[in-house]
Structures are given as structure tokens and as C-alpha cells.
Amino acid sequence: MALLAWPVFGAEPSFQTTRLFEGDSGGYKLYRIPGIVVTKRGTILAYTEARRTGSGDWDSIDILMRRSTDGGATFSPQAVVARAPGKIDRSTVALERKQGVPGDVTYNNPVAMADSNGAVHFLFCVEYMRAFYMRSDDDGQTFSVPVEITGVFDQFRPEYAWRVIATGPGHGIQLRSGRLLVPVWLALGTGGNGHHPSVNATIYSDDRGATWRRGEIVMLSTAQFPDPNETSAVELEDGSVMLNVRTEASENLRTVVTSKDGATHWSAPRLAEDLPDPICFASMARLSFKGDTGKKDSGRGRILFVNPDSVLRADGKDSRSKDRVNLTVRLSYDEGRHWTVKRTVEPGATGYADLAVMPDGTILCLYEAVSARHDEMLGRFNLEWLTEGKDSLKGK
């Protein structure tokens, strides 16, 4: 906290919100599972699952995207961004568990990455059983024909006989080495809505998305860490990768693991004592490295984290799942060991959220706002707002 005690003279604190996807409009009941990236040119790409009836994860779902080339002041109309070629069969897990109806087609779990070479990489799943990759070389205006990469997931079968798979959600990352890295999860499809029991892992590409490989399974489901699934990733100062994992741990805390390369030799999982978790997806993003160039203040590494900060239930029920309220952004100055700054973005009912950072350091948070409708809102704010004027990327 001593780092925040010094007066700084940066920009004025700034916070704005914009509704990007409005529930009960555009032919969709609700919008869920937000993702956001910023391209090398500074274009914002915001994407989401658009659910036609709102009946759940196995609804008839499209993946939509909106673009902004003016820092988020205006956005293009929403448009379908992912279509798998060929015939699409309904998942046997969905049919067995009476999730949705036979005629539904579920597109799910979109994940984008902005490459340092200017490309945009985009992964998505169909029916929670097939995975696809496509690429854009014009800042997300158009994408290549999707290429199926389910074979990468098939390589997990000798260890884990999955029937359900998912990328992300949220965004993937590119390491400074150039490696593209996407957290994934796999499930046997025998519990709950078919998404349980589960394990998590990563897949990666070392050739700019031309080919994809599987990493090691990160966490198995155990009594202490049941059902590891949705995961976010961030590169640390030393080049290693930290994963922040959603589990159903009875302590209602986030779970953290690390790896030197983001794919192998994962550390033993540990609970993050200062990251309460209602059992929901959470996102991380790197705001600055200590050695960043082009910024006056290059002496501090900063990592951002967002999730609903709540471990209570208004109905009083005894359940590991708590109310998803009080969406909160946190900041760490010591590579995720402690999160000493936090500020509420939305105090009401929320849900999933994803983070990205603009070239000028503006922080973007695309999040589910759950009120009478199920909208998705974009929060835009600076470090001065997050730290209440105690820190700035502009230097002293």
C-alpha cells in the first residue's frame, strides 16, 4: 500500500459506461459470456453469446461482435461473426440431459487474441463438442473461413474421456515470446447441465495460429478443488504464466496455479485468500510491465482482476454458489500475490466480465448487467479512477 501513498499528477479520474448489447432486442432474449480485446491499431473488438430464448447454455446461440475505431465512443452494429462450415449435429449430452431442443444450434465460448503483428485470432466452440479457429488481418472487419481444431482436444482423451469442451471464455493472451495461449476446460457431461465434472488445461500455438497444441491438464477435480473449469491467464514479469481458476471450492475463493511456459509443469493449486468468489468467471489483464517502454512510469508492474465480489446469498440458502453482485476491479503491484486496490464498477446484479487495455492505458471492462433485461455494459476508466488518484501511468 505504500506504493499508493505518494501523490501523483496524472490525468483526472474518468469513468464511463455504455450499453453495448441490449437484452430483449435484435432477435435475442439475452446476451451472455462477454469478451473484449484491443488490436495493435487500437480497435476495440467486443463479442458475446447472443441467446435467442434465454433458456440456458444450450440455447440456440449465435456469436456476435461490435467494433470501435474511436476508443469506444461509437461502435458498429452487432453482427454474427462465427459460422461453422458443414453439417452441425446436436450434442448427445444436450439431448440426454434435455438441455434445449433438438433443433437448437449452440455456438459457445468465443475467445479472441490480438497479435503483436496486427492479426486477430479467434476461437469458438459449437455444441460444446467441436472447436474452430479463424483469423482476421483487417482489424476484425472480416475473418477467414473457420478451421476445425477439435483434434487438439482429442489428444486429451487418453487421460480424460471428455464429452464436453469449451475455450476460455473471455480472451486469450499472447506471451512476449509470441506464443498464443488459450485456457480451456473439458467435462465428462454426466453432472448438472452437462458441464460437470470438469478439468482445465491450455492449448497454444507457436506459429501465429497455423497449428495448435495441447498443454498438460492443469487441475483434476478433487475434494478441495472440485470442478476446475473457466480460467483466465496473464503473463508474469519473469515470462511465466499465472492462471486464475474458477472451482467450486467450499472456501469460495479463487484458485491460482503457475507454469514457466503456460503449458507444462503446473504448480500445486493454492487458494487466493484476498479473491472471494461466488463461483463465476473472472478475468485478468496486464496493465503494465516494469520495463514497459513509452510510458513515463515504467517502474511498476500492474495486473488487473475483475469478478463479482460477493460470498453471500440473499435467499439464505446453503449453497457454494453465491449471489453475483458488486462487480469489482482489483489491482496487484506484486504479480498477483496480493490485490491491494479495489473499486466497484457495478454494485447491483452482475455476472461474467472481461478486461482489456487500450494503448493509452484506458481500462475496458465488458460485463453482464442483470436487471429487468440481461444487457452487456462497457465500462471505460483510467488508473486514476481505479486508485482514486493515487497512481497514474503518466508519471509524477
Side-chain angles (χ1 to χ4, degrees), residues 16 18-21 26 31 33-50 62-85 107 109-124 132-147 149 167-182 204-210 212 233 235 283 285-287 292-295 304 353-367 376-382:
Q16 298 173 308
T18 304
R19 181 178 290 105
L20 281 195
F21 298 99
Y31 298 87
I33 323 300
I36 190 166
V37 297
V38 177
T39 71
K40 183 180 180 180
R41 300 177 195 170
T43 297
I44 302 171
L45 303 180
Y47 45 95
T48 187
E49 290 185 13
D62 293 323
I63 295 173
L64 306 186
M65 178 178 286
R66 299 188 68 182
R67 300 173 67 252
S68 174
T69 58
D70 55 11
T74 62
F75 278 83
S76 64
Q78 63 190 39
V80 174
V81 70
R83 277 284 182 262
Y107 283 82
N109 286 61
V111 173
M113 287 157 287
D115 198 308
S116 60
N117 68 4
V120 177
H121 308 277
F122 199 90
L123 284 72
F124 63 93
F132 292 84
Y133 164 80
M134 56 187 187
R135 170 184 173 126
S136 173
D137 290 304
D138 57 8
D139 245 23
Q141 295 183 72
T142 61
F143 284 87
S144 61
V145 175
V147 174
I149 58 169
T167 45
H171 65 272
I173 62 172
Q174 183 179 44
L175 307 184
R176 286 170 290 179
S177 66
R179 170 170 287 185
L180 303 174
L181 189 73
V182 178
Y204 65 93
S205 174
D206 288 330
D207 56 11
R208 267 16 203 229
W212 291 85
E235 183 179 10
S283 178
R286 169 69 67 173
L287 179 59
D292 275 354
T293 59
K295 295 186 177 73
L304 301 162
D354 198 25
L355 291 167
V357 178
M358 295 290 293
D360 66 357
T362 298
I363 302 163
L364 307 175
C365 180
L366 183 63
Y367 63 94
E376 286 188 7
M377 305 292 293
L378 177 65
R380 290 184 293 157
F381 52 93
N382 56 13

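For this chain, numbers begin at 1 and follow the sequence in order.
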Could you give the distance from CZ (Arg19) to CG (Leu378), rounded to the nearest 0.5 Å?
12.5 Å

So which atom in Gly26 and which in Tyr31 form the shortest heavy-atom distance, rounded to 0.1 Å?
CA-OH, 4.1 Å

Nearest 0.5 angstrom please: Leu20 CG to Glu376 CD, how far?
8.0 Å

In Å, rounded to the nearest 0.5 Å, how long is the span from OG1 of Thr142 to CZ of Arg135?
11.5 Å

Between Pro359 and Gly42, the two heavy atoms sitting closest are CG-CA, 4.1 Å

Which residue is it: Leu45, Leu364, Val357? I am looking for the one with a side-chain contact (heavy atoms from CB on, under 4.5 Å) to Val38.
Leu364

I'd like to know if the side chain of Ser136 and the backbone of Val120 have a donor-acceptor N/O pair within less than 3.5 Å.
no

Are Leu123 and Trp212 side-chain neighbours, meaning at least one heavy-atom pair lies under 4.5 Å?
yes

Can any side-chain N or O of Tyr133 pair as donor or acceptor with the backbone N or O of Phe124 at less than 3.5 Å?
no

Check the pair Phe75, Ile44 against side-chain contact (heavy atoms from CB on, under 4.5 Å), reporting the backbone distance first and the verdict last.
CA-CA 9 Å; Phe75 278 83; Ile44 302 171; 4.1 Å; yes

Rounded distance (nearest 0.5 Å) linking atom CG of Asn117 with atom CD of Gln174:
7.0 Å

Is it true that the NZ or CZ of Arg83 lies under 6.0 Å from the centre of Phe132's six-membered ring and within 45 degrees of the ring axis?
no

Can you find a pair of side-chain heavy atoms, one from Tyr367 and one from Pro34, that are under 4.5 Å apart?
no

Polar side-chain atom of Asp354 near backbone of Leu366 as donor-acceptor pair, under 3.5 Å:
no

Of the non-hydrogen atoms in Ser205 and Ala210, which two are nearest, and what is the gap between them?
OG-N, 4.0 Å

Would you say the side-chain atoms of Asn109 and Thr167 include a donor-acceptor pair closer than 3.5 Å?
no

Donor-acceptor check, side chain of Tyr107 to backbone of Ala84, threshold 3.5 angstrom: yes or no?
yes

Smallest heavy-atom separation, Ser68 atom then Ala73 atom, equals OG-N, 4.0 Å

Looking only at atom types and distance, does a side-chain atom of Tyr47 sit under 3.5 Å from a main-chain N or O of Ala112, one as donor and one as acceptor?
yes

Identify the two heavy atoms, one from Arg41 and one from Asp138, that lie closest to each other, and give their separation to 0.1 Å.
NH1-C, 4.5 Å

Taking all atoms of both residues into account, what is the closest heavy-atom pair of Ile36 and His171, and its distance?
O-CB, 3.9 Å

Arg66 side chain vs Phe21 backbone, donor-acceptor pair below 3.5 Å:
no

What I'd like to find out is whether the side chain of Met113 reaches to under 4.5 Å of the side chain of Leu181, using heavy atoms alone.
no

To the nearest 0.5 Å, tell me how far Leu355 CG sits from Arg286 CZ.
13.5 Å

What I want to check is whether the side chains of Arg208 and Ser116 have a donor and an acceptor closer together than 3.5 Å.
yes

Any side-chain to backbone donor/acceptor pair from Thr39 onto Asp139? Under 3.5 Å, distance only.
no

Donor-acceptor contact below 3.5 Å, side chain Glu235 vs main chain Arg176
yes

Does any non-hydrogen side-chain atom of Val81 lie less than 4.5 Å from one of Met134?
yes

Distance, nearest 0.5 Å, that separates OG1 of Thr43 from CE of Met358:
8.0 Å

